[in-house]
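Contents: one structure, followed by commentary.
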Amino acid sequence: MNSTRRRRLLAALGGSASVGLAGCSAIFGGDDGDDGEDGEDGEDGSDGSDGEDGSDGEDGSDGEDGGDGEDGEDGEDGEDGEDGESEMTNADKAQAAWETISTNPAPEDQDLRNEAYVEIEEAVRDDMVMINFGHDVGETFWRQEVDWERRGALGNSYHQHKTTSVEGSDRLQLRNATNSSLDPVESDDTASATVIHKCYDKLVHYPRGVPEIENQVLDSFELSDDGLTYTFNLKEGVQFHNGEELTANDVYYSIRRLAEAEQSVRAEFVFEAPNGIGMVHETDDEGNVVPDSLGLEVVDDYTLELTTENPNPAVLDVLTYQAFGILPEGLVGDIEGYDGEIDVETLRTQESFGTGPWQLESWSQNEEMLLSRFDDYHGTPAEQEEIIYRIVEDSEARYTLQIEGNLDIFSVPTSYYNRDNYTVEETDDRGRGVGTYTLEGTELGYQRLTDLVTRYFGFNVANTERPVRQAVAYVLGQNELVEEVFEGRQTPAFSFTPPAIWPTGQDGYDQWVSEWQYGTEDEPGASNVQAARDLLDENGIEETELTVTTYQSPTYQNAATLIRDKLAGTNLNFSLEEAAFSDLIQRGYDGDLQMYSLGWAWSWESVAYGHFGFEPKNTDTSGMPEDNNGYYLDWHTNLSENQ
């Protein structure tokens, strides 16, 4: 069943209409402060798309909503209730909450949605399907020869580097992680977004990741009095890399591809609300979108109308996402009505066809990528002639590149970082502190700010018992972890949603932290080894093997080692392994993980944008990535209907 059909069937049944991705903002790396922006599930650190900046990126034993829950013997993971009576599980609670959110998208329903967001956080905590431990403090470092505009809290992948210059060089040297496609509709991670944002313009964007929408190929727009119809007036004279002029037909075609192409991983951003546009469309008897039925109308060459089912204040924010990158009409024949001029593989890996300030020159997979300046760009052409991306994930190799002067803007791996080596000389009105950092005797430029990024250890619940997950949560100790392992480059996280966008405000977040159960009575977030041991004993956990899969990162390996050592002497036997970012994502899709490290970076300031990945039915890895795009949890196995 394709993703569109699934969403329609769920809607007909009163179920969730969302198909989220565990990682739209998957950020690669995670420990080194490099990435964090798309929101899939893990990058390097803060935003790291170009590796230009970033800093690396309850006891639940009583089983809330789940009967006895303490020993898990009368129902799966103790959720089904004493003696197997079928009561509402935490997965049921999360599913119901997401359905409330997705079926009440109107602005006046915000309070109702806020309550549901908190209910999802409660279900995640009480089932401990994910241990959130840090929100990134994004750090960026650059050589003194570099002059560039500072990036914002939504991440570095948005940065187009149009005005960046390097004294004495025509080439800007950056770093990226592995990825497999530069087709906008296949993009759901920061590594690909970093390049797509440079090669493909959208109607609107967040300049340099600053959360203020600016026009890109859009000249102006009007919104109808009922809040449903957007009339977009395009700039004239905008050229694609192939020399053709951009028109409304190209925008129409590009959005249709996102909605209808089989390989699209973000179709829900077209159809759904509140985590998407919520565009008008038709479906057939099987729930598939009817080709060419979107609420889009080409008025003339430079005018396009878009109509939503309900008023949605997030429409323009959603349109900043990289999947809305615009390419020439009919370029690929993967939707009805177009034969195509090239095949999909060419678009993925060989050539760019956007209107952005940079175009793909060459790409050697897992080694390097070269972008060249697009001299006919509709704005002011870029300062530099080229951008070269070194595709490197290993911390030692990255550090060597930095020391040898082969990266101009970068992040310093945590294993080589010294918090005493930076100074902040001024802080602007966006909270960006700017100063210097000393690395191996060399003074670098330096920026730090708090990002909308969450780092976590996730569990595939089909492969791990709940008492095991909760025991890990007890010993983890957010406060110790972020200070001692991550060198203070994160702030402790007690929820998936960062405090800056907590649905009930700062007071609500403070109350949430005060009630955190996985700690000690005096200190939420403190490591409580004895509570973990007691929990394992009470639940009769016998010899259990637990494999922890992390990024290729000594810092995340150190974090996993710390957890392992604290549980030494129990029946939990930890095995530690590392995986390249792209391999880790693929294993998540395959359901081939137990406990793993990833992260999520917000692409716009919306709680729904991160929460759709928790819908239990959407975490079914057997349907990933085509039908389901949730976090790699297999939480659907804990729904009452599946037990």
Subject >> With sequence neighbours excluded, residues passing ring pair (Phe, Tyr, Trp, His ring centres under 6.0 Å) with W363 >> reply: none

Subject >> Sequence-distant partners of Q557, side-chain hydrogen bond (donor to acceptor under 3.5 Å, both in side chains), two or more places apart >> reply: T550

**OP:** For D183, check salt bridge (Lys or Arg N to Asp or Glu O under 4.0 Å) against everything at least two apart and list the hits.
**Re:** R257

Original post:
Which residues pass the side-chain hydrogen bond (donor to acceptor under 3.5 Å, both in side chains) test with S527, sequence neighbours left out?
Top reply: K566

**OP:** Just grab all the salt bridge (Lys or Arg N to Asp or Glu O under 4.0 Å) pairs involving residues 630-643, residues at least two apart or on different chains.
**Re:** none

**OP:** Not counting sequence neighbours, which residues clear salt bridge (Lys or Arg N to Asp or Glu O under 4.0 Å) with R113? List them please.
**Re:** none

Original post:
What residues form a side-chain hydrogen bond (donor to acceptor under 3.5 Å, both in side chains) with E260, not counting sequence neighbours?
Top reply: R256

**OP:** Apply ring pair (Phe, Tyr, Trp, His ring centres under 6.0 Å) to F324 and list each qualifying residue two or more places apart in sequence or on a separate chain.
**Re:** none

**OP:** Identify, with sequence neighbours excluded, every residue that meets salt bridge (Lys or Arg N to Asp or Glu O under 4.0 Å) alongside E578.
**Re:** none

Original post:
Which residues satisfy the salt bridge (Lys or Arg N to Asp or Glu O under 4.0 Å) test with R587, sequence neighbours excluded?
Top reply: E577, D592

Original post:
Quick one: side-chain hydrogen bond (donor to acceptor under 3.5 Å, both in side chains) partners of E396, sequence neighbours excluded?
Top reply: none

Original post:
Taking only residues two or more places apart in sequence or in another chain, which ones pass ring pair (Phe, Tyr, Trp, His ring centres under 6.0 Å) with Y117?
Top reply: H611

